[in-house]
Amino acid sequence: MKYEHKSIEQKWQKAWEENGIFHAEENSTKPKFYTLIEFPYPSGQGLHVGHPRSYTALDIISRKKRMQGYNVLYPIGWDAFGLPTENFAIKNHVHPKEVTKKNVARFKSQLQSLGLSFDWSREINTTDPKYYKWTQWIFLQLFKNGLAYKKEMAVNWCTSCKCVLANEEVVNGGCERCGSEVVRKVKSQWMLKITEYADRLIKDLDLVDYPERVKAQQKNWIGKSTGAEVDFTTTTGDTLTVYTTRPDTLFGATYMVISPEHPIIEKLSSVIKNMDEIRAYQEAASKKSDFERTEVAKDKTGVKIEGVEAINPVNNTQIPIFISDYVLVSYGTGAIMAVPAHDTRDWDFAKKFNLPIIEVVKGGEDVQKAAFTDCATGILVNSDYLDGLSVDDAKKKIIEKLEETGKGHAKVNFKLRDWVFSRQRYWGEPIPIIHCPCCGFVPLDESELPLELPDVESYEPTDNGESPLALMTDWVNVKCPKCGADAKRETDTMPQWAGSSWYFLRYMDPHNDNALASPEALKYWSPVDWYNGGMEHTTLHLLYSRFWHKFLYDIKVVPTPEPYAKRTSHGMILGEDGGKMSKSRGNVVNPDEIVDIYGADTMRTFEMFLGDFENAAPWSSSSIKGCRRFIERFMGLTDIMTENNEIRPELESTFHKTIKKVGEDVENLKFNTAIAALMSLINDIYATGSITRKELEIFTKLMSLFAPHAAEEVWSERKLGKGFVSVAEFPVYDESKCVENTVEIAVQVNGKIRDKIVVPVDIDQQGAVSLAKASEKVAAFINGKNIVKEIYVKGKLVNIVAK
RNA sequence: GCCGGUGUGUCGGAAUUGGCAGACGAUGCAGACUCAAAAUCUGUUGCUCGCAAGGGCGUGUGGGUUCGAGUCCCACCACCGGCACCA
């Protein structure tokens, strides 16, 4: 059979769509299976070869589940709000809506040419008002539940995007998207209280099946720490509260450090004698970005506050207070007690400013030479009633004491910050809030949703940090829905992460106008059974969407506490030179070209074969030919088919083993070895010179996961079964037929292989050893020696230990 | 510094979790077909000694456990990813 991939692929893509065979069933009694890939941002560049790696992988899982009788939902849509589209629109003076439309059309045709078994009838688009109506609705619920609030604060400002960024979007001091410089800017911003969910976002990781590296990264980002808050009084009678994870070392606190922005400084400004010096330091610190402040970690700076001291609550010692930018306002209480003997940062600072270092935990070297920070082995000293206790016991005891005396309490802190949720750009969901001079922030009535984006003259971001929407006075000026006074709409829009924080719910019931999805659909399809996506979203989309989902769970909109039962992650496809694919390196592979030259089936098979799915792997323009040959050889099987409707005995165990292996490997994301097993099998088949009808039927079914078009062609051409092979019943293996009668085992002498012998599978130790000894090659190595030990591992080897 | 990961031929990568290292594919080499090339097919392709039969060495490094280690333990090294003055 000739293999003309273009006509074959078009033919079957059309047939699948016309027959709707990949549509998820409504009201099905079958068990459901919901597979999800991260919906793409339809960029102007079109599809990247990286996209199909993830899509094909879950396509294979989806196809297998479908063949195994599941009602599979494998949907697709467009995460279409976002800056690149807006920037393109500005540059070329077209509406972002038009840009999006064009890009979506291109992406859609590219995806369809790959033969992915998406249910296109459920296609969604985050920029569709019918969709973002519900994004806005969720925002209103967050607002009504006190989880969305507006606050004046220092935020990350991308100088190039002219827009604020969430903490999660700042990478190495630069913008996650464009890499430009990020500076601090004080602005009034909408915030979402993700911190309210910090503990649950960690704890509920136990409920889900995620890769360890994803869990670790999320935990790390949320940064839970347990310790205590301790109240120090000052000589002025004020209270200065510190947070510490080492309350056990309280007796060793020899000074205190507060951040330059700490409010107590203003309060005590009349008492502080060196206010000029303090102000100068504050000034200098404020000019630095967060990045600069943390980057110059090598050298500690600070100023001692003259005129006020703090009193250690456990021993009434008077200790000095410093300001230093190594203490952050945004974490804990913005103030610390410094224990230089047992904290390296405090130690560095103490050495620089010549402050006393008092050892309170014994077990290390001289604390005058280095801080001793080991909690596991230390024993408390110089600490009154804590002396002799281990660090853990001392922590418990001191917290008890502090709570008794009202001078402190146990406290848990998180590194996670609330989510900065507003953006000063056009192409995003409008925030449905009205600012009324009398009533404050008034939510739009739900009946007014969607609040559609108005058409504006210019999408250009403004330099004063306002959204382009601010210029649309007709749209901005409204009456307050509560009191009727003149009021203004919020002009900032939502970040790109908003629409993607709940899109997987919409797929369950994409055309519903009365709810984000019906309770029945949510109940049937939740949770997502298998979600594959990139590691780069671990502390962005993946975290945000877990937060939203937990909120929706709390207000009883969704039935499960976690959105995704299982998450996996693919590795990147690198350029042929081993570097990241990029235009500037000139190593970009265009998927259209690959599909054109080799066909979608080859592209799919190769992307699954080129390496371990979870690791990065470089593209190879020569290796892909091997996959093309493989598919040609598969098509060629039709020419050597016999009408025998059995598996031939000599291939029986190989077939059963291959069915087993392909099934298991696919479930474990080991697509490369699944394909290798099929390649081995086809080699074995060609070695016999023919294939039976039954064998071809099984082989075609297995192939349909990877090369669905070619498989359909073979299936229909040789009339191997009814309908489409894509929804035929997946072959079942028989465990008892996976074993062969005889097996080749290795014979070792002193652990070195000297010969190989063929033995019956069930041979016992005695039999195997005597056969082994019968080998001439083996005899040469044991003659004249004492046999100390004989080991037999069934089906594997015999090892004779001789001295 | 902390957390996570990786290290195997010329290359991408396998190895049932302690049992034949290098499956499968790619490259390279040799041959068949061809006027020739491409395609296809056959053989071969870790290093090394040997004419050969055959032997020795080999999974980042150094030790250890074991009849047996790519796999387990200890100590290192290199690279990749994330976090990073978080008290």
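Here is the naming used below: chain letters follow the sequence lines, and residue numbers restart at 1 for every chain.
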Legend entry - Nearest-nucleotide comparison on RNA chain B, the residue closer to the 5′ end among A/Lys625 and A/Thr539: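 Comparing both residues, the 5'-ward one is A/Lys625.
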Inset, instruction - Hey, which sits more toward the 5' end of RNA chain B by its nearest nucleotide, A/Pro618 or A/Gly626? - result: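 In this pair, the answer is A/Pro618.
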Looking across every strand, which nucleic acid part, if any, lies under 4.0 Å from [X] by heavy atom: base, sugar-phosphate, or nothing?
X: A/Val793; answer: base
X: A/Asp612; answer: sugar-phosphate
X: A/Gln748; answer: base
X: A/Arg633; answer: sugar-phosphate
X: A/Arg417; answer: nothing
X: A/Ile791; answer: base
X: A/Lys219; answer: nothing
X: A/Glu790; answer: nothing
X: A/Ala616; answer: sugar-phosphate
X: A/Phe781; answer: sugar-phosphate
X: A/Asn683; answer: sugar-phosphate
X: A/Ile753; answer: sugar-phosphate
X: A/Ser620; answer: nothing

OP1 or OP2 of [N] under 4.0 Å from side-chain N/O of [X]:
X: A/Tyr331; N: B/A87; value: yes
X: A/Arg629; N: B/U40; value: yes
X: A/Asn220; N: B/G4; value: no
X: A/Thr344; N: B/G1; value: no

Taking the side chain of [X] as its heavy atoms from C-beta onward, which of [options] lies nearest to it?
X: A/Leu797; options: B/G56, B/G19, B/A14; result: B/G19
X: A/Asp343; options: B/A87, B/C85, B/G56; result: B/A87
X: A/Gln217; options: B/A14, B/G82, B/G25; result: B/G82
X: A/Glu744; options: B/G13, B/A87, B/C20; result: B/C20
X: A/Ala216; options: B/G4, B/A87, B/G25; result: B/G4
X: A/Asp325; options: B/C85, B/G56, B/U27; result: B/C85

Inset, instruction - Tell me yes or no: between the side chains of A/Glu168 and A/Tyr544, is some donor less than 3.5 Å from an acceptor? - result: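 Indeed, the side chains of A/Glu168 and A/Tyr544 share at least one donor-acceptor pair under 3.5 Å.
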Inset, instruction - Walk me through it: do A/Glu229 and A/Lys407 pass the test salt bridge (Lys or Arg N to Asp or Glu O under 4.0 Å)? - result: CA-CA 9 Å; A/Glu229 280 188 354; A/Lys407 290 190 175 151; over 6 Å; no
Inset, instruction - Indicate syn or anti for B/G9, taking the glycosidic torsion and treating anything within 90° of 0 as syn. - result: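 Glycosidic conformation of B/G9: syn.
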Legend entry - Where the chi angle of B/U16 falls, syn if within 90° of 0 and anti if not: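 Because its glycosidic torsion lies more than 90° from 0, B/U16 adopts the anti conformation.
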Below 3.5 Å, does any donor atom in the side chain of [X] face an acceptor in the base of [N], or the other way round?
X: A/Lys756; N: B/C20; value: yes
X: A/Lys796; N: B/U16; value: yes
X: A/Asn799; N: B/C67; value: yes
X: A/Lys300; N: B/C85; value: yes

Inset, instruction - Test A/Thr249 against every option in A/Asp346, A/Ile358, A/Val360, A/Val391 by the side chain to side chain contact (heavy atoms under 4.5 Å, CB included) rule and name the one that passes. - result: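 It is A/Val360; the other options fail the test.
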Legend entry - From A/Asn312, A/Leu240, A/Val242, A/Thr241, residue fulfilling side chain to side chain contact (heavy atoms under 4.5 Å, CB included) relative to A/Val230: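 When side chain to side chain contact (heavy atoms under 4.5 Å, CB included) is applied between A/Val230 and each of A/Asn312, A/Leu240, A/Val242, A/Thr241, only A/Val242 qualifies.
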Inset, instruction - Taking the six-membered ring of A/Phe781 (Phe, Tyr or Trp), confirm whether the NZ or CZ of A/Arg754 is under 6.0 Å from its centre and within 45° of its axis. - result: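 Judged by the rule, A/Arg754 and A/Phe781 form a cation-pi pair.
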Legend entry - Lys NZ or Arg CZ of A/Lys224 over A/Phe414 ring: under 6.0 Å, within 45°: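 Ring-cation test returns no.
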Using the [atom1] atom as the point on both nucleotides, what is the distance between [M] and [N], in whole Å?
N: B/U44; M: B/A36; atom1: C1'; answer: 25 Å
N: B/C76; M: B/C3; atom1: P; answer: 14 Å
N: B/U59; M: B/G64; atom1: P; answer: 15 Å
N: B/G9; M: B/U27; atom1: C1'; answer: 12 Å
N: B/U16; M: B/A23; atom1: P; answer: 15 Å
N: B/G62; M: B/U8; atom1: P; answer: 16 Å

Using whole Å, what does the distance between atom [atom2] of nucleotide [N] and atom [atom1] of [X] come to?
X: A/Leu610; N: B/G13; atom1: CG; atom2: C1'; value: 10 Å
X: A/Lys224; N: B/A87; atom1: NZ; atom2: P; value: 13 Å
X: A/Asn750; N: B/U66; atom1: CG; atom2: C1'; value: 13 Å
X: A/Arg213; N: B/G82; atom1: CZ; atom2: P; value: 12 Å
X: A/Leu574; N: B/G12; atom1: CG; atom2: C1'; value: 11 Å
X: A/Met572; N: B/G81; atom1: CE; atom2: P; value: 8 Å
X: A/Lys215; N: B/C3; atom1: NZ; atom2: P; value: 19 Å
X: A/Asn413; N: B/A84; atom1: CG; atom2: P; value: 16 Å

Inset, instruction - I would like to know whether A/Arg585 and A/Asp577 meet salt bridge (Lys or Arg N to Asp or Glu O under 4.0 Å); could you show each step before the answer? - result: CA-CA 9 Å; A/Arg585 293 181 90 112; A/Asp577 56 1; 3.7 Å; yes
Watson-Crick or G-U wobble partner of [N], both distances under 3.5 Å:
N: B/G25; result: B/C11
N: B/G1; result: B/C83
N: B/C41; result: B/G31
N: B/C76; result: B/G60
N: B/C20; result: none

Inset, instruction - Could you tell me whether the side chain of A/Asn587 and the main chain of A/Lys580 form a donor-acceptor pair under 3.5 Å? - result: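 Checking the backbone N and O of A/Lys580 against the side chain of A/Asn587, a donor-acceptor pair under 3.5 Å is found.
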Inset, instruction - Hey, can you tell me if A/Trp497 and A/His537 have their rings parallel, tilted or perpendicular (30° and 60° cut-offs)? - result: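 Answer is perpendicular, since the angle exceeds 60°.
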Inset, instruction - Check the angle between the aromatic planes of A/Phe634 and A/Phe699 and answer parallel, tilted or perpendicular using the 30° and 60° thresholds. - result: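 Ring orientation of A/Phe634 relative to A/Phe699: tilted.
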